Amino acid sequence: MESVWMNDTEIRKREALPGDMEVPVVVIGAGLAGILTAYYLKQAGIRAVVLEADRIGSGQTKNTTAKITSQHNLIYDRLIRTFGRRMAAYYAGANEAAIGEYERLILEKRIDCDFVRCPAYLYSQAGTELLKREAEAAEALGIKASFGTECELPFTVAGVARFENQARFHPLRFLEKMAEEVEVYEQTKVLKVTGRRVETARGCVTAEHTVFAAHFPFINVPGYYFARMYQERSYVTALEGVKLPEGMYLGIDREGLSFRTCGNLLLLGGGSHRTGINHRSRAGGECRYEMLRSRGRELYPGCREVLRWSAQDCMTLDGLPYIGRFSRRRPGWYVATGFGKWGMTTAVVSARILTALIGGRDCPEADIFSPQRHFTVQAARELAVHGAHTAKGLAKHFLPAGNREIIPNCPHMGCRLEWNPEEESYDCPCHGSRFDREGHLIDGPAQTDCERHDNSGV
């Protein structure tokens, strides 16, 4: 199932790594975060090469809903209470600046990528208190935000928090042009990183600085990101024959939906769940795609589904991305991961912070994103919940398979995989790796295929 972005964009192929080389910086992953990091480093006079296991934009960038927004669900009121106003202001300012940076790059380089400034809304049908507090917190941090009770959605809401001057665009068209500015080697999967050596089947790159920008870090120690993140899937259906809203919307209620215009289509999203857990929606056990289609027909009678696809996002325990030094034990390693649902603005934030750190420049906003930030009460609660899922998945490794099929284990850490009937894949409930029917790797952090298995029971 291809996204609307893949439907009309084909990025030029690049050669594989030609052999051993030595460079100042190597970036692992050619999504938006990796490409933009290499671009900003180049602008700073620092050569960086990007290594991509598959194709440019073949990871999560191609599956986003591509909202460029500083509105990251209910976050600013919590940030102020947890980290203080100064740190919260760094987060708000970095993401607001990212929106403007996209506009600057698009205008400067004349990129045709359907960039549109528009308002973004949080909405609720259940209550107003959380929305009022979020709008007040965002406004206190310098974001133009307000609370209201009216919007364009085809149903009644209790209230909305409106963020002004946000944006939407076509991510692959933007990525296609930005990738022309940097040195990228495709079909070059990184197999091992040891100190300054990045090993691939095509050769070894030696670099003073290594940036991990490949969604979920595949190295477990140091860093222990597998214990500090989990992955979550969400689903999108593209509908035509719909009255299109000007703004972008996200529901904060349990069954809330996402709305975003794309040309003559409405992108309707929802149905989020931890990867490998609960593949059916709560409403009568129907699949999530069918749930979205049903909601679409209910809200927009006569609409028609044109495309559908899903995305997978890395979620951190405290809801903030990890951007900065990979570990105190590896001073030359850097990471950009845990973007949640907000990879567009966070890609720019990552690129700018990592460029500053590698270049030895002061970067005050790096503290709120640092992977070494203090462990919050919320993070402790989330660790207990998601750690239990991981422990359950690991325990299943030792269970005997049924008579009709042999369920495989994930090669990453041995968790028993779960069959996902909606997307016909085996998904890991521990860390989100995914495999096709034959055990071939779709998504990491696993680095290898799982052992072939008898799937006659599927």
Side-chain angles (χ1 to χ4, degrees), residues 1 3-5 63-69 71-75 118-128 130-131 134-135 147-163 166-168 232-275 278-313 315 319 340-344 422-423:
M1 293 175 280
S3 70
V4 65
W5 322 121
N63 294 323
T64 175
T65 52
K67 297 176 180 179
I68 309 174
T69 173
Q71 180 204 78
H72 296 174
N73 209 318
L74 297 174
I75 190 170
C118 61
Y121 299 81
L122 295 174
Y123 75 87
S124 174
Q125 295 181 279
T128 62
L130 293 175
L131 294 171
E134 186 67 11
F147 172 79
T149 56
E150 296 183 0
C151 68
E152 309 160 277
L153 295 175
F155 50 81
T156 302
V157 299
V160 295
R162 172 174 171 139
F163 284 47
Q166 308 297 294
R168 61 180 187 260
E232 189 171 286
R233 295 201 71 73
S234 55
Y235 302 81
V236 183
T237 181
L239 305 174
E240 68 176 4
V242 170
K243 183 179 179 181
L244 300 172
E246 175 196 0
M248 304 178 292
Y249 292 82
L250 177 67
I252 66 169
D253 303 330
R254 188 179 183 87
E255 300 294 332
L257 299 172
S258 166
F259 299 78
R260 198 222 111 147
T261 295
C262 174
N264 67 338
L265 301 176
L266 175 73
L267 307 187
L268 180 66
S272 295
H273 65 91
R274 179 177 168 129
T275 303
N278 186 23
H279 294 303
R280 294 287 173 175
S281 70
R282 298 172 68 248
E286 66 181 343
C287 80
R288 284 175 165 78
Y289 287 124
E290 182 53 41
M291 178 274 291
L292 287 175
R293 283 192 291 267
S294 296
R295 290 289 284 144
R297 290 191 294 266
E298 174 188 329
L299 297 173
Y300 306 101
C303 70
R304 185 176 75 87
E305 181 182 74
V306 177
L307 294 165
R308 71 178 190 273
W309 70 94
S310 65
Q312 182 152 296
D313 300 295
M315 317 296 289
K341 312 291 184 182
W342 314 109
M344 299 299 96
E422 293 176 9
E423 302 194 68

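As a basis for the values below, the full set of heavy atoms in this structure was taken, side chains included, without hydrogen atoms, waters or symmetry mates. For clarity, every value in this text was computed on a predicted model and none was experimentally measured.
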Evaluation steps, side-chain contact (heavy atoms from CB on, under 4.5 Å), between V236 and T65: CA-CA 8 Å; V236 183; T65 52; 3.8 Å; yes
Expected output: side-chain N63 to main-chain W309 donor-acceptor under 3.5 Å: no
Backbone of G271 reached by a side-chain donor or acceptor of R288 within 3.5 Å: yes
Approximate separation, where rounding is to 0.5 Å, of [X] [atom1] and [Y] [atom2]:
X: E246; Y: C151; atom1: CD; atom2: SG; value: 12.5 Å
X: R308; Y: L267; atom1: CZ; atom2: CG; value: 15.0 Å
X: E305; Y: L266; atom1: CD; atom2: CG; value: 12.0 Å
X: K341; Y: S272; atom1: NZ; atom2: OG; value: 3.5 Å
X: R260; Y: M248; atom1: CZ; atom2: CE; value: 7.5 Å

Find out whether [X] and [Y] are in side-chain contact, i.e. whether some heavy atom of one side chain is under 4.5 Å from a heavy atom of the other.
X: Q71; Y: L122; value: yes
X: E134; Y: I75; value: yes
X: Y123; Y: L250; value: no
X: Q166; Y: P119; value: no
X: S124; Y: V157; value: no
X: L131; Y: I252; value: yes
X: R168; Y: K67; value: no
X: W5; Y: T64; value: yes

Would you call [X] and [Y] a salt bridge, taking side-chain N to carboxylate O under 4.0 Å as the test?
X: K243; Y: E152; result: no
X: E240; Y: R304; result: yes
X: R295; Y: E290; result: no

Do you know which two heavy atoms are closest between [X] and [Y], and how far apart they sit?
X: M291; Y: G270; answer: CE-C, 4.5 Å
X: D313; Y: S234; answer: OD2-OG, 4.0 Å
X: L265; Y: A238; answer: CD1-CB, 4.1 Å
X: S310; Y: E423; answer: OG-OE1, 2.6 Å
X: A135; Y: F147; answer: CB-N, 4.0 Å
X: L292; Y: L257; answer: CD2-CD2, 3.9 Å

Mutual orientation of the aromatic rings belonging to Y235 and H273 [parallel < 30°, tilted 30-60°, perpendicular > 60°]: parallel
Whether F259 and Y249 hold their rings parallel, tilted or perpendicular, with breakpoints at 30° and 60°: perpendicular
Flag for Q312-T275: side-chain donor and acceptor within less than 3.5 Å: yes
